[in-house]
Amino acid sequence: MRLDKYLAESYVGTRKEVRKLIIDGVVTVNGEVENDPAIEIKENVDLITCMDEVIVYPGRRYIMFHKPAGCITAKSDEKHKTVMDYFSIEDRKGLFPVGRLDKDTEGLLLLTNDGEFDNRLMHPTHHVSKRYFFWVLGSITEDKIAQLEKGISIGEDDAITSPAKIEIVQTGKYEALEDQIPPYTYDSSNMKDNKYIQMVTSGYITITEGKKHQVKRMLKAVGCYVIYLKRFQIGELELDMKLKPGEYRELTKEEIENITPFMKIDIY
Ligand code: URA
């Protein structure tokens, strides 16, 4: 790998900035000052320093994060807490979220510093499935299930969703199921006062697209209002139940290979 690429990918600076540092003579390779940005070095073999600090190559990173409700999926934001706030400044370097979950949605979110991983996983032609658990106000009849599974208009240029899979877990009156419903993560200010006699339904929905607010809009299209949403699975990868909301861990080599069977990733 070129020396300037090594330094840029180690977050020392932009390509332009690190080239200047190299030309300025503050970068060494195995103890010798190196002035050529294009020189080939071997990551994890050659010893690189910049301004007397050893620069360790971070390599590609793939993180499973249990996103809590109440933070937005963004790299930074002036007003809201973001998913990056759960990472130390050192640990978040170069990371960005793969896809997004709404502020009030919990569950499995991946982060990486590998743009190709992000592209491939998010690319619509790969149809990577995403499985969510939901609670809605309303009931979901067999007819509604058929509509959701076949494809339904969610109002964006009359777009019809791709086939989905629905599994109903529970349905009944709110008052009977109240103790099983997680605290509302969604705005309930527009709910009628008679919520206790309303029907509620929980279940799983699996989709292979990632349109904005897709699950909420699909369920709204059959007359239901999402009050809780959590993503449990992306492709073959399930949320590790040992992770509490706000916690994260690196994916294992096997998990990375399983989630990206259509791409060759040279891991570590
Ligand atoms: N669908 C939604 O409506 N929200 C999410 O956060 C993810 C999928």
Side-chain angles (χ1 to χ4, degrees), residues 63-75 77 79-86 96-112 118 121-124 126-138 140 144-145 147-169 181-191 200-239 243 245-248 259:
I63 310 273
M64 174 191 289
F65 175 54
H66 186 163
K67 179 192 176 295
C71 60
I72 63 168
T73 310
K75 278 195 78 179
D77 192 273
K79 279 204 214 116
H80 301 101
K81 187 166 184 159
T82 77
V83 293
M84 304 316 299
D85 292 330
Y86 291 86
F96 57 87
V98 177
R100 68 189 294 278
L101 290 176
D102 294 338
K103 183 174 178 198
D104 299 316
T105 304
E106 300 180 347
L108 174 58
L109 182 72
L110 298 175
L111 293 102
T112 186
D118 174 56
L121 215 55
M122 289 294 110
H123 202 282
H126 286 125
H127 307 290
V128 177
S129 63
K130 290 133 205 145
R131 187 164 187 251
Y132 298 84
F133 176 72
F134 63 81
W135 275 98
V136 290
L137 295 178
I140 305 185
K144 290 179 181 178
I145 293 177
Q147 288 178 48
L148 289 165
E149 292 199 335
K150 190 161 166 254
I152 193 165
S153 167
I154 54 171
E156 185 191 85
D157 304 328
D158 289 327
I160 304 290
T161 55
S162 295
K165 176 97 195 91
I166 310 287
E167 303 147 68
I168 301 298
V169 176
I181 304 175
Y184 278 7
T185 51
Y186 286 87
D187 179 13
S188 54
S189 56
N190 59 353
M191 276 174 53
V200 286
T201 307
S202 67
Y204 290 93
I205 178 167
T206 306
I207 57 174
T208 56
E209 303 164 291
K211 297 191 165 89
K212 201 168 181 200
H213 309 313
Q214 179 155 347
V215 172
K216 284 183 233 167
R217 287 161 66 209
M218 286 175 77
L219 292 163
K220 191 172 171 203
V222 292
C224 294
Y225 179 73
V226 170
I227 54 175
Y228 178 79
L229 190 61
K230 180 165 191 157
R231 182 157 69 190
F232 273 98
Q233 199 170 340
I234 302 175
E236 296 296 304
L237 183 70
E238 288 181 31
L239 177 64
L243 292 178
E247 290 184 345
Y248 60 90
I259 199 174

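One-based numbering along the sequence shown. When a ligand or atom number is given, it counts from 1 through the structure's own listing order.
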Worksheet entry | Sub-4.0 Å heavy-atom environment of ligand 1, residues by chain | L101, D102, T105, Y132, H213, Q214, V215, K216, L229
Worksheet item: Under 3.5 Å, side chain of Q214 to main-chain N/O of K216, donor-acceptor pair present?
Response: no
Item to complete: Determine the minimum heavy-atom distance between I152 and A221, stating which atoms define it.
Response: CD1-CB, 3.7 Å
Discussion item. Within 45 degrees of the ring normal and closer than 6.0 Å to the centroid, is that where the cationic atom of K81 sits relative to Y86?
Written reply: yes
Discussion item. Can you list everything that forms a salt bridge (Lys or Arg N to Asp or Glu O under 4.0 Å) with E209? Sequence neighbours excluded, please.
Written reply: K211
Item to complete: Name all pairs fulfilling the salt bridge (charged side-chain N to carboxylate O under 4.0 Å, His left out) condition that reach into residues 64-75, sequence neighbours left out, sorted by first residue then second.
Response: none
Item to complete: Sequence neighbours left out, what passes salt bridge (Lys or Arg N to Asp or Glu O under 4.0 Å) with E149? Give chain and number order.
Response: K165
